[in-house]
Amino acid sequence: MASAPFLPPDPPHLRTGQDRIPPARPASFARIPSWVSLNRPSSVKPPHPTTTQHGQVENLHLVSLSKQGKFEQVHEFIKSMDEAGIAVSPSTYKSLFETCGEMGLLSEGRSIRGRLKNPPGFLEDCALRMYCHCGSLSDARRLFDEMPERSSFAWGIMISGYAQRGVLDKAFQLFSLLMDSGVGPNFSVYTSLLRSLVDSSCLEIGRQMHSHLIKTGSGLNASVGMAICNMYVKCGWLEGARIVFDEMAEKKAVAWTALMVGYTEANEQNDVLHLFMKMVEEGVELDEFVFSIVLKACAWLEDLRVGRQIHGHIVKLGLESDVSVGTPLVNLYVKCTCFESALLAFQKIDNPNDVSWSALISGYSQSGRVEECLKTYKSLRVMDGLLNSFIYTSIFQACSMLADINSGAQAHADAIKRGLISPLYGESALITMYSKCGNMDYASQVFGSISEPDTIAWTAIIAGYAYHGIASEALGYFRKMQDSGVRPNGVTLVAVLTACSHSSLITEAEGYLKSMNRCWNHRNLELGRIASENLLRLNPDDTAGYILLFNLCVSHEKWEEAARIRKKMMEKNLQKEVSCSWITVRGQWHRFIVGDRHHPQTKEIYAKLKQIDFPDGDSEDRSLLTEEDASCILPERRQQLLEHSERLAIAFGLLSSPSNSPVLIFKNLRACRDCHDFAKHVSRVAEREIVIRDSSRFHHFKLGQCSCGDYW
DNA sequence: CTAGGGTTAG
């Protein structure tokens with residue numbers, strides 16, 4: 001082997017069995033694998049035994065090795081070529097530099113550059129580009145400074161190198177040197193400089209570039225115009241972008257899209273729609289980019305009417321199946337809470353990608369279709385490349401709705417293995433998931449792993465402890481948050497107030513809470529009517545607005561008014577959420593609704609309820625009526641009270657779990673007072689710890705007492 | 001040279 005310098009030193013994939021390569025013989029073409037000739041420019045004729053020039057095969061082999069990243073072999077092969085007196089050709093060097101640049105192999109690139117004595121100018125440019133691609137601006141600059149003469153390419157490469165890495169001062173310094181040097185700049189210098197101006201801090205220098213271009217008149221072609229417009233968009237100066245845009249001679253869809261992106265980011269969604277209408281009027285050819293951005297604007301505005309019109313346009317153009325159009329369409333319908341339309345739009349997509357799937361999955365979780373959400377996720381797990389960190393964030397959310405620690409922890413572990421936990425987004429969702437599943441240890445572990453928690457992450461952990469009624473921890477985190485300099489928002493304060501309701505550690509917060517409480521305690525019907533009137537004017541379909549007013553009327557014994565409100569809800573087809581409770585026993589789900597008799601152990605469950613023999617509740621305090629309580633006021637509903645879902649779940653829990661373990665129940669709505677009393681009673685007579693997580697918090701019942709202190 | 005998906009509470 002060593003005596004055959006032109007042959008691959010180590011081509012294991014060529015060897016079959018004991019097949020050996022004959023020594024000391026020029027390359028056998030039968031043994032040159034097909035990939036040698038791959039990716040050759042068409043101008044280069046494929047080698048042929050009879051017409052091959054000296055060294056051509058070896059050079060080809062070298063290129064091929066480098067493209068496979070086998071640089072150890074590249075060096076060995078170069079050495080053997082040297083020994084055999086075969087030259088490495090300039091085009092091979094060019095290719096080697098390109099590969100090193102693409103793969104970021106700086107030291108390989110350096111050593112190859114080191115072999116060159118007096119290389120031709122174009123090869124120096126290639127080496128320069130290689131250094132820039134590898135991110136070594138110092139190597140690049142050294143080479144640039146040593147060049148006896150610099151082409152306009154070299155200037156462009158060096159300036160772009162600085163610009164792309166955000167070293168703006170050096171980029172512009174060099175640019176002014178170039179202006180003085182007498183070498184005319186090419187367009188790519190301008191566009192790469194403009195492209196490097198990416199935020200509002202660059203606006204001033206961007207304006208200077210713009211005026212320079214106008215003065216010299218050197219670069220006012222379409223692509224430079226586009227670059228200026230984009231620069232102004234990124235720098236947040238939409239007026240400037242608009243002026244440049246209006247002056248463009250020929251406006252293709254790209255230019256419109258760039259400006260629309262600016263408007264969406266500035267949250268000027270109506271301007272996006274106006275631009276779109278103008279495009280349609282002017283007959284601009286619409287592409288998938290235009291639709292994706294205009295659909296995003298509709299989603300923001302939750303404007304279903306316009307959204308459906310645009311959908312119609314998309315269908316006419318036959319773009320419905322395009323993944324770039326179909327995906328934002330799915331999202332539009334999700335945001336407008338039209339889940340059926342979202343699903344239909346998804347089904348029309350030809351090749352849904354991970355973004356499409358994440359739009360669908362987040363739609364499932366946002367519309368509470370938790371089981372479909374998890375089912376879809378599981379089906380994606382066995383496919384390649386369709387899961388991403390967005391999907392996992394939605395999955396964590398779904399698991400917190402289910403309060404299913406098993407699925408949740410599994411998804412968490414899975415996401416860790418795949419490296420798909422999104423910083424802050426996924427982490428905050430995990431904190432909430434573990435909190436809602438009742439495991440504050442895990443929740444705080446996740447929080448502790450975040451290097452720089454933002455407002456939302458802090459809020460998530462505070463809300464978690466508040467949810468569990470552990471005020472001291474919640475307030476401790478709130479103090480730490482303030483110390484860290486992260487600003488709380490309205491949501492944070494709601495969480496803090498929730499925590500405060502069990503503590504007088506922050507007198508101000510307590511006072512605030514008390515003042516809010518007094519309004520409810522006064523049971524001011526007149527004020528309540530005005531408030532709900534306004535609330536319902538904002539959103540006529542808001543169930544909570546009706547329910548609150550209904551409860552208020554009930555507490556004032558205004559039965560007829562209460563009935564009218566109910567009737568109105570029925571007319572508008574607004575349904576209150578069906579109350580249900582669930583429990584997991586040995587990994588199995590058991591779900592109950594009021595008066596449920598579907599469970600296979602129904603007989604035993606009702607027998608157990610009877611055995612507990614809790615007296616029919618007659619709570620005199622109607623100020624804390626929940627939605628369910630209110631319906632219990634009506635005599636025919638009173639019987640139902642005895643069969644509320646959480647009672648069924650508790651009874652089943654007592655029957656089916658070991659007598660020394662706590663019974664953990666989940667409920668989708670707030671616990672009613674009678675059932676709360678029932679749970680206290682059970683915890684005393686059965687001497688069992690009972691934990692109920694309702695829609696607002698955790699309740700830990702022990703020996704007739706509840707951790708919530710009867711406040712929830 | 002332009003696009004689409006996800007986080008906290010009541």
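Proteins get letters first, then strands, A, B, ... in listed order; numbering begins at 1 in each. Predicted, not measured: the structure shown is a model, and the values here were computed from it.
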Rounding to an integer number of Å, can you tell me how far A/F289 CZ sits from B/dT2 C1'? 6 Å

Take A/K378 and A/E371, measure what salt bridge (Lys or Arg N to Asp or Glu O under 4.0 Å) needs, and give me the verdict at the end. CA-CA 11 Å; A/K378 278 173 194 156; A/E371 283 168 44; over 6 Å; no

As a test of reading the structure: which of B/dT7, B/dT2, B/dG4 is closest to the side chain of A/N331, going by heavy atoms? B/dG4

What's the closest nucleotide to the side chain of A/T498 if the choices are B/dG4, B/dG10, B/dT2? B/dG10

Between B/dT7, B/dT2, B/dT8, which one does the side chain of A/K234 approach most closely? B/dT2

How is A/K335 classified with respect to the nucleic acid when contacts are heavy atoms under 4.0 Å: base, sugar-phosphate, or nothing? sugar-phosphate

Ring centroids only, cut at 6.0 angstrom: are A/F390 and A/Y425 within range, meaning strictly under it? no

Whether the side chain of A/S324 and the base of B/dA3 hold a donor-acceptor pair under 3.5 Å is what I'd like checked. yes

Closest to side chain of A/I293, choosing from B/dT2, B/dG4, B/dT8: B/dG4

Within the 4.0 Å heavy-atom criterion, would you say A/A495 contacts the bases, only the backbone, or no part of the nucleic acid? nothing

Is a side-chain donor or acceptor of A/E427 paired with a backbone partner of A/L424 at a separation under 3.5 angstrom? yes

Residues A/H311 and A/Y333: side-chain donor-acceptor under 3.5 angstrom: yes

Between B/dA9, B/dG4, B/dT7, which nucleotide has the shortest distance from any of its atoms to the side chain of A/T393? B/dT7

What's the CD-P distance between A/E288 and B/dG4, to the nearest Å? 13 Å

Could you measure the distance from the CH2 atom of A/W237 to the NE2 atom of A/H210? Nearest 0.5 Å is fine. 8.5 Å

What does A/V261 touch in the nucleic acid at a heavy-atom separation under 4.0 angstrom: a base, only the sugar-phosphate, or nothing? sugar-phosphate

A/F346 CZ to B/dG4 C1', straight-line distance once rounded to whole Å: 13 Å

Rounded to whole Å, the CZ-P distance (A/F291 to B/dG4) equals 15 Å

In whole angstroms, how far is the P atom of B/dT7 from the OH atom of A/Y434? 18 Å

What's the CZ-C1' distance between A/F276 and B/dT2, to the nearest Å? 15 Å

When rounded to whole Å, the CD to C1' distance for the pair A/E452 and B/dT7 reads 17 Å

Lys/Arg N to Asp/Glu carboxylate O, A/R381 vs A/D414, below 4.0 Å: yes

Assign A/V323 to base, sugar-phosphate, or nothing according to its heavy-atom contacts below 4.0 angstrom with the strands shown. base

Any base atoms under 4.0 Å from A/E427, or only sugar-phosphate, or nothing? Heavy atoms, all strands. nothing

Options B/dT8, B/dG4, B/dT2, nucleotide nearest the side-chain atoms of A/T459: B/dT8

Just the rounded figure in Å: distance from P of B/dT7 to CG of A/L424. 13 Å

State which of B/dT7, B/dA3, B/dT8 makes the closest approach to the side chain of A/T257. B/dA3

Choose from B/dA3, B/dT7, B/dA9 the nucleotide whose nearest atom is closest to any side-chain atom of A/S292. B/dA3

Categorize A/S389 for me: base, sugar-phosphate, or nothing, with a 4.0 angstrom heavy-atom threshold over every strand shown. base

